[in-house]
Amino acid sequence: MAQTQSTTSKRSFKHLNSFDRGRIAALLQEGKSPAVIAKAIGCDRSTISREIKRGTVTQMKTGRKIVNAYFPETGQLKYEENRHSCGAKLKLDDAIEFIQYAEIKILKDNWSPDAVCGSAALHEQFEGKRVCTKTLYNYIELGYIGVKNIDLPMKVRLNTKKRRIRVNKRVLGRSIEERPEAVEERAEFGHWEIDTVIGKKSQDEALMTLTERKTRQEIILRIDDKDSDSITKALEMVRNKFDTNFAQVFKTITSDNGSEFAELAASFEKEKTEVFFTHPYTSCERGTNERHNGLIRRFIPKGKAIRSVAEETIRYAEDWCNRLPRKILGYRTPEACFLEELAHIA
């Protein structure tokens with residue numbers, strides 16, 4: 001069998017090591033020239049010349065006679081110092097204004113590092129004096145700025161749930177498999193996902209959340225209880241808000257099979273809005289809404305009674321979700337995208 005010829009070019013240079021520097025010192029003592037030493041070491045003459053200059057030390061001998069001598073230890077020490085200082089330099093000094101801006105947005109406004117970088121790029125802020133998302137995360141990891149990993153909720157989240165054997169559950173209406181393909185592609189406005197957020201498990205109020213799939217607009221409403229009557233009342237409030245445009249804004253709603261949504265399909269029988277239900281125990285089929293419910297938990301932790309949460313806090317959580325720049329929206333906000341879609345309907 002014929003052997004394949006290697007096309008990899010041979011490296012034509014190398015770094016000197018401590019052994020090479022010892023040989024240079026010995027050959028210099030023998031009176032050899034840089035050209036002869038270079039041939040003996042197997043490197044370029046200029047490499048030897050630079051090394052001799054780097055490792056030469058001026059000394060004063062007996063009789064106050066000044067001499068210059070090459071020491072391999074000095075050459076090795078300077079080499080290691082130079083190697084330690086090489087590489088890309090930190091942009092902290094040049095990007096200090098952006099770093100301060102990022103700290104405020106992350107710590108006070110609860111933005112993610114990616115939202116900070118993406119929004120600044122979209123609005124052409126700190127041109128030439130900002131860092132990318134990966135670099136900002138690196139600075140946080142290395143402790144170079146005033147933000148720590150514990151300040152990033154998604155980075156420290158742990159999944160402690162155990163797998164449970166689920167029993168079969170009844171599907172309350174039309175399956176998500178019947179949902180139009182346009183809904184899945186998020187190319188068309190007006191397709192929503194619905195869910196509830198609870199505080200305490202009994203004798204407490206709850207939140208009904210609606211998320212529009214294309215724009216990521218979020219609607220949060222307090223409801224009296226996690227039951228179908230409360231959901232019906234809350235949806236009536238949404239109808240009144242959008243009035244004659246309701247059918248154009250709410251073309252479909254996708255829900256899970258929770259008992260609170262038992263009357264959801266029936267409440268839209270006389271309207272054009274279509275209702276679909278996910279497969280049992282498959283929350284990932286409402287991933288957008290589930291993601292927003294996780295964002296709401298930053299302001300209303302699990303176990304905290306919804307009844308004790310001020311209306312101002314709920315409105316703040318809703319506004320925060322809708323005004324957070326999203327990478328998937330080109331770092332525009334859900335609010336801006338949603339208002340743009342409403343303008344087309346009007």
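Everything numeric here is computed off the predicted structure, so don't read it as measured data.
Hydrophobic clustering of Ile, Leu, Val, Met, Phe, Trp and Tyr side chains at less than 4.5 Å, counting indirect connections, keeps F276 apart from Y281. Cluster membership for V147 and I96, using ILVMFWY side-chain heavy atoms within less than 4.5 angstrom, is not shared. Residues L136 and L142 share a single hydrophobic cluster, defined by chaining ILVMFWY side chains whose heavy atoms lie under 4.5 Å apart. Linking Ile, Leu, Val, Met, Phe, Trp and Tyr whenever their side-chain heavy atoms come within less than 4.5 Å leaves V275 and I176 in two separate clusters. In the hydrophobic clustering of this structure, F338 groups with M208; members are Ile, Leu, Val, Met, Phe, Trp, Tyr whose side-chain heavy atoms approach within less than 4.5 Å, directly or through other members.
Side-chain atoms of N257 come within 3.5 Å of backbone atoms of T278 as a donor-acceptor pair (strictly under, hydrogens ignored). At distances below 3.5 Å, at least one donor-acceptor pair connects side-chain atoms of D204 with backbone N or O atoms of R307. Side chain of W320 to backbone of D109: a donor-acceptor contact under 3.5 angstrom is found. Side chain of S112 to main chain of A115: a donor-acceptor pair is present (N/O by atom type, distance under 3.5 Å, no hydrogens or angles). Between the side chain of S49 and the backbone N or O of R45, at least one donor-acceptor pair lies under 3.5 Å. In this structure a side-chain-to-backbone donor-acceptor pair under 3.5 Å is missing from N245 to Q248. Side chain of N240 to backbone of M237: no donor-acceptor contact under 3.5 angstrom is found. Between the T56 side chain and the N68 main chain, no donor and acceptor come within less than 3.5 Å of each other. In this structure, T282 contributes its side chain and H279 its backbone to a donor-acceptor pair below 3.5 Å. Side chain of R179 to main chain of R174: no donor-acceptor pair is present (N/O by atom type, distance under 3.5 Å, no hydrogens or angles).
In E181, the CD atom is not crowded: 12 or fewer heavy atoms of neighbouring residues, nucleotides or ligands sit closer than 6.0 Å. Around the CD atom of E30, the shell of radius 6.0 Å holds more than 12 heavy atoms that belong to other residues, nucleotides or ligands.
For E188 and K251, the salt-bridge test passes: some basic side-chain N is under 4.0 Å from an acidic carboxylate O. Using a 4.0 Å cut-off between a side-chain N of Lys or Arg and a carboxylate O of Asp or Glu, E311 and R222 qualify as a salt bridge. Look at E81 and K78 and you find no salt bridge, because none of the NZ, NE, NH1 or NH2 atoms lies under 4.0 Å from a carboxylate O. Under the 4.0 Å criterion applied to side-chain N and carboxylate O atoms, R54 and E51 are assigned as salt-bridge partners.
Side-chain atoms of Y331 and D114 include a donor-acceptor pair closer than 3.5 Å. Counted by atom type alone, T333 and N322 present zero donor-acceptor pairs between their side chains at under 3.5 Å. Under 3.5 Å, the side chains of D227 and S230 contain a donor-acceptor pair of N or O atoms. A side-chain donor-acceptor contact under 3.5 Å links E212 and T215. A donor-acceptor pair shorter than 3.5 Å cannot be found between the side chains of T254 and E193.
A cation-pi arrangement is present between R239 and F268, with the terminal nitrogen or guanidinium carbon under 6.0 Å from the aromatic centre and inside a 45° cone about the axis. R130 forms no cation-pi arrangement with F98, by the criterion of a distance under 6.0 Å to the ring centre and an angle within 45° of the ring axis.
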With side-chain contact (heavy atoms from CB on, under 4.5 Å) as the test, would you mind laying out the steps for L342 and V249 before giving the verdict? CA-CA 8 Å; L342 289 183; V249 177; 3.8 Å; yes
Would T209 and N289 count as a side-chain hydrogen bond (donor to acceptor under 3.5 Å, both in side chains) if you check the C-alpha gap in whole Å, the side-chain angles of each, and the deciding distance to 0.1 Å? CA-CA 8 Å; T209 62; N289 185 246; 3.3 Å; yes
Residues E260, S228; criterion side-chain hydrogen bond (donor to acceptor under 3.5 Å, both in side chains); working and verdict: CA-CA 4 Å; E260 68 271 28; S228 58; over 6 Å; no
Evaluate side-chain contact (heavy atoms from CB on, under 4.5 Å) for F299 paired with I314, printing each intermediate quantity in order. CA-CA 8 Å; F299 308 97; I314 297 174; over 6 Å; no
Give the intermediate values and the outcome of salt bridge (charged side-chain N to carboxylate O under 4.0 Å, His left out) for residues K233 and E236. CA-CA 5 Å; K233 291 178 183 178; E236 190 61 34; over 6 Å; no
Evaluate the criterion side-chain hydrogen bond (donor to acceptor under 3.5 Å, both in side chains) for residue pair R216 and T288; output intermediate values, then yes/no. CA-CA 7 Å; R216 273 66 175 183; T288 304; 4.8 Å; no
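If you take CG on L122 and CZ on R332, they are separated by 8.0 Å, rounding to the nearest 0.5 Å. Of the inter-residue distances, the one linking I198 atom CD1 with E205 atom CD reads 13.5 Å to the nearest 0.5 angstrom. Interatomic distance, CD1 of I52 versus CD1 of I37, reported as 5.0 Å (0.5 Å rounding). The CD atom of E218 lies 14.0 Å from the CZ atom of R323; values are rounded to the nearest 0.5 Å. Of the inter-residue distances, the one linking I99 atom CD1 with I104 atom CD1 reads 12.0 Å to the nearest 0.5 angstrom. Note: Q125 CD to C117 SG = 11.5 Å, rounded to the nearest 0.5 Å.
Using cut-offs of 30° and 60° for the angle between ring planes, the Y79 and H15 rings count as tilted. W192 and F250 have parallel rings, their planes meeting at less than 30° on a 0 to 90° scale where 60° marks the start of perpendicular.
Taking each heavy atom of A305 and S308 in turn, the nearest pair found is O-OG, 2.7 Å.
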